[in-house]
Amino acid sequence: QVQLVESEGGLVQAGGSLRLSCAASGRTFSSYVMGWFRQAPGKEREFVTCIERSGSLYYADSVKGRFTISRDNAKNTVYLQMNSLKPEDTAVYYCVAGPKRTVVAAAYDYWGQGTQVTVSS
């Protein structure tokens, strides 16, 4: 069992930056693929990024070049650095953990509670 707890999101102006963190419980953190999804009002949950055990990184086209995912296995924590934020990045962001890299939300076994990120224009 893995429990994921995201840091508080926030309100930021367009062009600004924000960093989210996700602390995981359990001893097997390093064995999981960690990632982030987001869900905007009235839209389906969408893949944002993930990082494999090897450190390989994957990003949705919409955030490539602006967002950076990283993990610290010693601290059981995954981070999402978000730069050059746009109003369309406004969403609830979810930290996820799963056995393999995929953009399919249902394939991730563990989810955080979600944290709101709002980008004002």
Side-chain angles (χ1 to χ4, degrees):
Q1 189 77 8
V2 175
Q3 291 187 326
L4 304 173
V5 179
E6 296 110 342
S7 60
E8 189 174 344
L11 172 64
V12 63
Q13 288 189 333
S17 298
L18 193 64
R19 189 175 86 152
L20 303 179
S21 63
C22 172
S25 66
R27 302 178 183 177
T28 58
F29 172 82
S30 62
S31 67
Y32 286 97
V33 174
M34 302 298 298
W36 294 87
F37 278 72
R38 67 185 181 185
Q39 187 166 22
K43 294 188 176 181
E44 293 187 355
R45 200 165 289 191
E46 66 171 351
F47 171 81
V48 176
T49 180
C50 70
I51 180 168
E52 292 187 307
R53 295 175 289 274
S54 64
S56 296
L57 312 174
Y58 300 90
Y59 296 95
D61 288 343
S62 59
V63 306
K64 201 171 294 183
R66 300 187 298 120
F67 289 13
T68 302
I69 188 172
S70 61
R71 66 190 296 166
D72 186 335
N73 289 335
K75 295 183 178 180
N76 281 10
T77 301
V78 62
Y79 303 95
L80 181 64
Q81 177 67 44
M82 302 183 290
N83 298 328
S84 302
L85 282 161
K86 305 175 181 180
E88 51 264 44
D89 293 319
T90 295
V92 176
Y93 283 72
Y94 297 90
C95 177
V96 298
K100 66 177 183 178
R101 171 179 63 87
T102 177
V103 301
V104 178
Y108 288 89
D109 299 317
Y110 302 103
W111 289 72
Q113 79 282 4
T115 188
Q116 178 70 47
V117 172
T118 302
V119 183
S120 63
S121 57

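Put simply, OG on Ser70 and CD1 on Ile51 are 6.5 Å apart, with the number rounded to the nearest 0.5 Å. In this structure, CD on Gln13 lies 13.0 Å from CG on Leu18, to the nearest 0.5 angstrom. To the nearest 0.5 Å, atom CZ of residue Arg38 and atom OG of residue Ser62 are 4.5 Å apart.
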**Request:** Before giving the answer on side-chain contact (heavy atoms from CB on, under 4.5 Å), spell out for Ile69 and Tyr58 the whole-Å C-alpha distance, their side-chain angles and the decisive distance to 0.1 Å.
**Result:** CA-CA 9 Å; Ile69 188 172; Tyr58 300 90; over 6 Å; no
**Prompt:** After noting the C-alpha distance and the side-chain angles of Leu57 and Thr49, does the key distance pass the side-chain contact (heavy atoms from CB on, under 4.5 Å) rule?
**Reply:** CA-CA 7 Å; Leu57 312 174; Thr49 180; 5.7 Å; no
**Request:** Please assess Tyr93 against Gln39 for the test side-chain contact (heavy atoms from CB on, under 4.5 Å), listing each intermediate value before the final yes or no.
**Result:** CA-CA 7 Å; Tyr93 283 72; Gln39 187 166 22; over 6 Å; no
**Message:** Determine whether Tyr108 and Cys50 satisfy the following criterion, side-chain contact (heavy atoms from CB on, under 4.5 Å), listing intermediate values before the conclusion.
**Reply:** CA-CA 11 Å; Tyr108 288 89; Cys50 70; 3.9 Å; yes
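Of all heavy-atom pairs spanning Thr77 and Ala23, the tightest one is OG1-CA, 4.2 Å. Counting all heavy atoms, side chain and backbone alike, Tyr94 lies closest to Gly112 at CD2-O, 3.7 Å. Taking all atoms of both residues into account, the shortest heavy-atom contact from Asn76 to Phe29 is OD1-CB, 3.4 Å. Gln113 and Val5 make their closest contact through OE1-CA, 3.8 Å (heavy atoms, listed as atom of the first residue, atom of the second, distance). What you find for Ala97 and Met34 is that their closest heavy atoms are CB-SD, 3.5 Å. Pro99 and Ala107 get closest at one heavy-atom pair: CD-O, 3.7 Å.
Residues satisfying the side chain to side chain donor-acceptor pair (under 3.5 Å) test with Ser121, not counting sequence neighbours, are none. Under the disulfide (SG to SG under 2.5 Å) criterion, Cys95 pairs with Cys22, not counting sequence neighbours. With sequence neighbours excluded, the residues that form a salt bridge (Lys or Arg N to Asp or Glu O under 4.0 Å) with Arg101 are Glu52. For Lys86, there are no side chain to side chain donor-acceptor pair (under 3.5 Å) partners two or more places apart in sequence or in a different chain. In terms of the side chain to side chain donor-acceptor pair (under 3.5 Å) criterion, residue partners of Arg66 (sequence neighbours excluded) are, by chain and number, Asp89.
With hydrophobic clusters built from ILVMFWY side chains whose heavy atoms lie under 4.5 angstrom apart, Tyr32 shares a cluster with Leu20.
Under the 6.0 Å cut-off for aromatic ring centres, Trp111 and Phe37 qualify, their centroids lying closer than that.
Between Thr118 and Gln116, the side chains place a donor N or O and an acceptor N or O closer than 3.5 Å (distance only, hydrogens not considered). Counted by atom type alone, Asn83 and Ser17 present one or more donor-acceptor pairs between their side chains at under 3.5 Å.
Residue Tyr79 is found outside any hydrophobic cluster, as its side-chain heavy atoms come under 4.5 Å of no other Ile, Leu, Val, Met, Phe, Trp or Tyr.
Residue-environment remark: CD (Gln3) stays at or below the threshold of 12 foreign heavy atoms within 6.0 Å.
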